[in-house]
Structure formats: structure tokens, C-alpha cells
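This chain uses plain numbering: 1 for the first residue, then up along the sequence.
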Amino acid sequence: MLNESVNFQPVPLIVRIGSEEIEVASLDCAINLIRSLRHDRLGRFAEMLLTQMEAARAPQQRRDAWIAFETWSLACGLQPHHGDLEHAA
């Protein structure tokens, strides 16, 4: 069982929005990014994700929300340098 007092510190993620690469270094940064996309096609696909991220309080919830953000950004093609896909069969 994890110590609930330990703060979750994600590994920063680079996402590409248009021609701009943005470093997302925290869950709060990810929340702000998705909020900024609310009126965009991508933002409309992220309403439930945003709800999960905003509600995350405990470290495990924050980890789960970060993983969901990583998965969403990968699925939307926002990770310009994702190495795992280079070797996909």
C-alpha cells in the first residue's frame, strides 16, 4: 500500500498542439491544457478525462489520472516523439 502523504510527481510529457511542442510537467498543467482545448475537437473528446483529472486527490488517483492523460494524448497523436510506436509490428 502506498503512503498517501507522498506527492505524485509524473515524468514530464511533451505534446504537440498544432506546430507547438508543450512540456506538460504536472497533472495541473495537463488539466489546464485540456481546459484550453475545450472548444476544439480534441477537447470535446476529453470531457470525462478532464472530470477524472480534476477529481483526483489521493496519490493513486493522481497516478491513474496521469496515465489516462498519457493514453489520451498518445491516442490523439499528440506525442511527437513516442518511441514505443517506432517498433510496432
Side-chain angles (χ1 to χ4, degrees):
M1 188 124 172
L2 294 173
N3 181 349
E4 293 295 317
S5 67
V6 176
N7 287 332
F8 171 64
Q9 297 295 321
V11 174
L13 182 66
I14 303 294
V15 296
R16 179 174 290 155
I17 306 294
S19 61
E20 183 178 4
E21 288 190 357
I22 302 168
E23 181 180 64
V24 182
S26 70
L27 192 57
D28 290 334
C29 290
I31 289 169
N32 290 334
L33 174 69
I34 291 177
R35 283 182 183 157
S36 75
L37 297 171
R38 274 194 169 158
H39 300 292
D40 184 88
R41 178 183 60 84
L42 290 175
R44 289 191 302 267
F45 293 135
E47 284 300 320
M48 290 182 70
L49 172 61
L50 183 60
T51 299
Q52 176 188 5
M53 293 166 61
E54 289 173 335
R57 297 287 179 256
Q60 186 60 46
Q61 291 173 326
R62 294 179 66 79
R63 280 183 194 87
D64 292 345
W66 181 259
I67 291 168
F69 172 73
E70 285 182 310
T71 303
W72 172 83
S73 64
L74 180 61
C76 291
L78 302 180
Q79 294 184 31
H81 306 295
H82 194 276
D84 292 347
L85 296 180
E86 291 176 1
H87 303 292

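Nearest heavy atoms, Pro10 versus Ser26: CG-CA, 4.0 Å. Pairing each heavy atom of Ser73 with each of Leu13, the nearest pair is OG-CD2, 3.6 Å. Taking every heavy atom of both residues into account, Ala30 and Met53 meet most closely at CB-CE, 3.3 Å.
At distances below 3.5 Å, not a single donor-acceptor pair connects side-chain atoms of Glu20 with backbone N or O atoms of Ile17.
Looking at Ile14 and Glu23, their side chains come closer than 4.5 Å, going by heavy atoms from C-beta outward.
Taken from CZ in Phe69 to CZ in Arg62, the straight-line distance is 13.0 Å, to the nearest 0.5 Å.
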Donor-acceptor pairs are to be reported for all side-chain atoms of residues 36-51 against protein atoms at under 3.5 Å, with residues two or more places apart or in another chain.
from	atom 1	to	atom 2	distance (Å)
Ser36	OG	Leu33	O	2.6
Asp40	OD2	Leu42	N	2.9
Thr51	OG1	Glu47	O	3.1

**Report entry** side chain to side chain contact (heavy atoms under 4.5 Å, CB included) between Leu78 and Trp72, worked out
**Finding:** CA-CA 9 Å; Leu78 302 180; Trp72 172 83; 3.8 Å; yes
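Applying the salt bridge (charged side-chain N to carboxylate O under 4.0 Å, His left out) test to pairs two or more places apart or on separate chains, none has a residue in residues 66-77. The list of salt bridge (charged side-chain N to carboxylate O under 4.0 Å, His left out) pairs with a residue in residues 25-36, not counting sequence neighbours, reads Arg35-Glu54.
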